[in-house]
Amino acid sequence: NANCGGCYFDDIDKNYGNNNSSENSKNTEENNKENQIKTDPLHIELNIKVDLPKHGFALGGILDLVDRKKSLRDFKTKKTTPSQSFVDDSEQLTLYDLLFRAYFGHAPTGLFFDCVVDLKTKTKSLTLETKRNAHDHQSLLNRMVTAKKAIDAEIFVPASSDHWKCSNNYCEFYNDCVYVNAKNPTK
């Protein structure tokens with residue numbers, strides 16, 4: 001549902017939701033008119049890699065959308081409405097802001113988190129704006145440098161056993177993991 005030339009990206013397509021039910025499609029159609037994200041794209045899915053030779057690694061990411069005003073927009077779908085603090089604390093947005101600055105040589109004119117929230121009976125769109133500064137970038141880089149040092153030393157901190165990735169479905173080491181299997185020796 002894109003109409004480029006001023007680009008309107010509908011929050012969802014007409015078949016989104018529970019088994020294409022006519023009730024859900026009706027709600028979705030009604031929401032589409034009020035839930036459009038209006039933008040004028042300059043770059044869509046811009047892949048950026050920044051080498052950090054001083055630290056011995058590179059940072060990379062794919063920016064969802066950079067508009068002609070040089071705003072940076074990240075698009076997500078969620079089942080719950082994200083808070084402003086969720087957006088303000090997002091390391092992913094910090095990384096994207098850092099990559100944008102490295103690529104363009106300046107800060108984005110705006111850093112936006114565009115989200116479609118599935119409320120089961122209808123959807124809603126929201127846009128939250130946030131900012132990043134040198135302190136945010138340095139904190140992220142400090143974490144990355146520490147992670148690189150741990151990897152180089154072959155120190156791998158296990159995920160918490162209640163983490164979503166700590167399951168046989170997502171972790172290739174699950175069946176052999178002493179952090180999981182120590183609590184249940186019959187596995």
Side-chain angles (χ1 to χ4, degrees), residues 2 6-12 16 28 31-32 34-52 54-55 57-151 156-166 170:
C7 272
Y8 301 117
F9 292 94
D10 288 351
D11 60 345
I12 51 177
Y16 181 86
T28 301
N31 288 332
N32 278 345
E34 65 191 60
N35 290 336
Q36 290 180 339
I37 298 165
K38 296 173 179 73
T39 186
D40 190 9
L42 176 64
H43 298 282
I44 297 173
E45 293 189 348
L46 179 61
N47 193 342
I48 300 175
K49 179 182 171 192
V50 177
D51 289 314
L52 301 173
K54 175 181 170 185
H55 301 295
F57 63 92
L59 293 177
I62 299 173
L63 310 184
D64 286 351
L65 188 138
V66 176
D67 66 23
R68 295 197 185 281
K69 295 177 186 175
K70 298 283 178 74
S71 292
L72 174 56
R73 307 189 85 90
D74 190 43
F75 296 100
K76 295 283 187 254
T77 58
K78 295 254 179 215
K79 295 207 180 282
T80 60
T81 303
S83 66
Q84 184 66 48
S85 65
F86 172 84
V87 175
D88 292 340
D89 297 338
S90 168
E91 288 182 341
Q92 183 178 19
L93 288 175
T94 302
L95 174 63
Y96 289 172
D97 183 84
L98 186 62
L99 293 171
F100 181 101
R101 291 170 191 242
Y103 186 85
F104 289 102
H106 60 81
T109 58
L111 180 57
F112 299 97
F113 182 83
D114 294 308
C115 184
V116 176
V117 183
D118 180 357
L119 301 172
K120 296 197 180 180
T121 59
K122 66 177 188 168
T123 60
K124 74 174 182 177
S125 294
L126 75 144
T127 297
L128 297 169
E129 186 172 7
T130 188
K131 293 183 179 184
R132 296 298 187 273
N133 59 35
H135 173 75
D136 299 318
H137 298 146
Q138 191 59 55
S139 294
L140 177 66
L141 287 173
N142 291 345
R143 292 176 67 79
M144 298 290 187
V145 167
T146 300
K148 167 96 168 62
K149 288 177 183 175
I151 291 167
F156 302 99
V157 179
S160 171
S161 62
D162 63 350
H163 189 275
W164 68 268
K165 193 170 182 179
C166 189
Y170 298 105

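Model, not experiment: these values are computed from the prediction. Side chains are part of it too, since the values below use all heavy atoms of this structure and drop only hydrogens, waters and symmetry mates.
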Once rounded to the nearest 0.5 Å, what's the spacing between atom [atom1] of [X] and atom [atom2] of [Y]?
X    : Y    : atom1 : atom2 : result
L98  : H137 : CG    : NE2   : 5.0 Å
L141 : H55  : CG    : NE2   : 6.0 Å
D136 : L95  : CG    : CG    : 12.5 Å
L72  : D97  : CG    : CG    : 7.0 Å
D114 : D64  : CG    : CG    : 9.0 Å
L99  : L46  : CG    : CG    : 9.0 Å

Salt bridge (charged side-chain N to carboxylate O under 4.0 Å, His left out) involving K149 - partner list, sequence neighbours excluded: none

Residue pair F112, D74: steps toward the side chain to side chain contact (heavy atoms under 4.5 Å, CB included) verdict: CA-CA 6 Å; F112 299 97; D74 190 43; over 6 Å; no

Main chain of [Y], side chain of [X]: is a donor-acceptor contact present, judged purely on distance under 3.5 Å?
X    : Y    : value
H163 : K165 : yes
T39  : D67  : no
Q84  : T130 : no
T123 : L119 : no

Parallel, tilted or perpendicular, as decided by the 30° and 60° cut-offs, for the rings of F86 and F113: perpendicular

Side-chain touch F104/V66, heavy atoms, less than 4.5 angstrom: yes

Grab the two heavy atoms, one from [X] and one from [Y], that are nearest each other, plus how far apart they are.
X    : Y    : value
R73  : T127 : NH2-CG2, 3.6 Å
K78  : C115 : CG-SG, 3.5 Å
G110 : E129 : CA-OE2, 4.0 Å
P82  : L128 : O-CD1, 3.8 Å

Is the number of heavy atoms from other residues, nucleotides or ligands within 6.0 Å of [atom1] ([X]) greater than 12?
X    : atom1 : result
R143 : CZ    : no
K148 : NZ    : yes
H135 : NE2   : no

Contacts of N142 that satisfy side chain to side chain donor-acceptor pair (under 3.5 Å) - sequence neighbours left out: Q138

Side chain to side chain contact (heavy atoms under 4.5 Å, CB included) between Y96 and I48, worked out: CA-CA 9 Å; Y96 289 172; I48 300 175; over 6 Å; no

Candidate pair R132 and L111, rule side chain to side chain contact (heavy atoms under 4.5 Å, CB included), full reasoning: CA-CA 8 Å; R132 296 298 187 273; L111 180 57; 3.8 Å; yes

